[in-house]
Every structure is written in structure tokens, then in C-alpha cells.
Amino acid sequence: MKKLLYSLMLLPLLSCGKTKSNVELPAQETQITVTDDAKNISHSKWNTLLQRNVSANGTVNYKGFQKNSGELQSYLNELAANVPTKYTSRNATLAYWINAYNAFTVKLILDNYPTKSIKDIKDPWGQKFFTLGNKKYSLEEIEHEILRKMGEPRIHFAINCASFSCPSLLNEAYTESKLSNQLSAASKRFINDKSKNTITANKVEISKIFDWFEGDFKKKGSVIDFLNQYSTTKINSNAKISYKDYNWSLNE
């Protein structure tokens, strides 16, 4: 009876615009709320699509994705229904937004296919063409306002801009449990890819990604310090740095 009276007394508080966090709930009820809010998505549908339509070297079969458009939309619907909350782990949140960026980039290309370059599409990164939860997003918002603000520079080698000079699209989904290893592997793969970066001990000609987002790679030292974490060639600290031209041709 006391529990029933407590619940009835609580109702006016909740109906006066106060959230659950403003009200002291019994420990058991608080725990239920946390569990309900902390939704994680498996990304298995995206994983299947990637393995089917992306080669080991990152070449994308957009015609194949077109044939699987229904399955892609089903995954995008899952993303829309499972936006991370403050209770979602950091790795699960990172994996979600990396996968979302890549999946919606594929969707953008399919919506404008055939195209020779993502840059032939009007405002490809700025247009808010998808909704997650109750909010409309653009690709640049995911990259700059969410992912970059999480302080993980390796995301630059995980998100793919559908172009040859971009880091290759991984042919598996990023997941909470594998994220650290996946990001390290993506960083090593990109930095040691001779078509993306030319590295010697005294001179490096590197991707413009390291120029555009230089500050992200200098959080704990210089850009060369960051490169040396993953480069198979040891780079001298005073090595000369230059940047390669960026190839925006579609990565198919």
C-alpha cells in the first residue's frame, strides 16, 4: 500500500515538466531506467552488406549496394531508432557514429548514382538529408560536431568519403568490442599505403588529411610523432613534410 501511495504522489511531479532525473526514485526504479535508455545496436546488417559489397582493399560495388537497397534502408532505420544516449559506452558511441557516417555516405552516393565524384553532388557534406532519433543530420555534423569532439584522431582513417584518396572503407562494421583494434589497424593500413602516403626517414609526402586536421593529430606531440606510432618506417623528427594531391574520384 505504501508503494502504491508513493507512485500516486509521484505522478503530479512527473506531469509538471520535471524529468526523471529531477526526482529521487527508489534505487530499483532508477536502475530500470538506465537499462532501458542504454540501447546498443549490433551493426550486423551493415557488416553483412560491407562483406558482400566492399573488397578487401576497399573498392566499393555501388551497383551491388543498389541491389541491396532494401537491406541498407533496414539498417539505416535501425540507426535512426537506436541513437546513443549518455549511458552508451564511449566505444559503442564511436562505433555507432563511424558506421552511421559510412552508411549514409553510401546512401548519398546511391541517391545520386551514377556519379564520378562525391564532389559532383550539391553540398554533399552539408545537406541534412537523414534523421536519427528526432534530429536531422548532415555528414559534416557527424564528423565535426560529434566524432572529432570525442578526441579520437584515428576516426579520420575509419570514416570514408567515397573517394580514392580517402582511407579505404573497411569491409566490416565497427563494433564496441573490436573498436580499438579496428582503429589501430585502419591507421596502420592507411599510413603505410604508398598510394596515400610516401614515407622515408627524412622526407614524407602525406595525405592532405594530415594538413586539414593537423590539430587533431598534434594533441600529444607532432604529426610525425603520430605517424611514427603506425609507420613501418621510422621518421626523423625533423623530416621534411609535404602533401599529396587529393583524388576525389569515386572509389569503385
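Index from 1, following the sequence.
Between Val60 and Ile109 the shortest side-chain heavy-atom distance does not fall below 4.5 Å.
Applying the disulfide bond (SG atoms under 2.5 Å apart) test to pairs two or more places apart or on separate chains, those with a residue in residues 101-166 are Cys161-Cys166. Sorted by first and then second residue, the salt bridge (charged side-chain N to carboxylate O under 4.0 Å, His left out) pairs involving residues 230-252 (not counting sequence neighbours) are Glu205-Lys244. Counting only residues at least two apart or on different chains, the side chain to side chain donor-acceptor pair (under 3.5 Å) pairs with a member in residues 115-138 are Lys135-Glu141.
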Q: Go through the steps for Phe164 and Thr59 under the test side chain to side chain contact (heavy atoms under 4.5 Å, CB included), then give the verdict.
A: CA-CA 9 Å; Phe164 271 119; Thr59 301; 5.6 Å; no
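Checked against salt bridge (charged side-chain N to carboxylate O under 4.0 Å, His left out), Lys178 has the following partners two or more places apart in sequence or in another chain: Glu172. Looking at residues two or more places apart in sequence or on another chain, you find a side-chain contact (heavy atoms from CB on, under 4.5 Å) between Arg52 and Thr48, Leu49, Asn68, Glu71. Residues passing the salt bridge (charged side-chain N to carboxylate O under 4.0 Å, His left out) test with Lys149, sequence neighbours excluded: Glu145.
Side-chain atoms of Ser195 and Asp193 include a donor-acceptor pair closer than 3.5 Å. Of the N and O atoms on the side chains of Tyr75 and His43, at least one donor lies less than 3.5 Å from an acceptor on the other residue. Side chain to side chain, Gln229 and Asp225 fail the donor-acceptor criterion of an N or O pair below 3.5 Å. Between Ser89 and Asn91, the side chains place no donor N or O within less than 3.5 Å of an acceptor N or O (distance only, hydrogens not considered). Donor-acceptor pairing under 3.5 Å is lacking for the side chains of Asn160 and Asn102.
For the side chain to side chain contact (heavy atoms under 4.5 Å, CB included) with Tyr243, the lone residue among Asp211, Asn197, Ile209 that qualifies is Asp211.
For the pair Lys107 and Asp111, the salt-bridge criterion is met [side-chain N within less than 4.0 Å of a carboxylate O].
Using cut-offs of 30° and 60° for the angle between ring planes, the His156 and Phe213 rings count as parallel.
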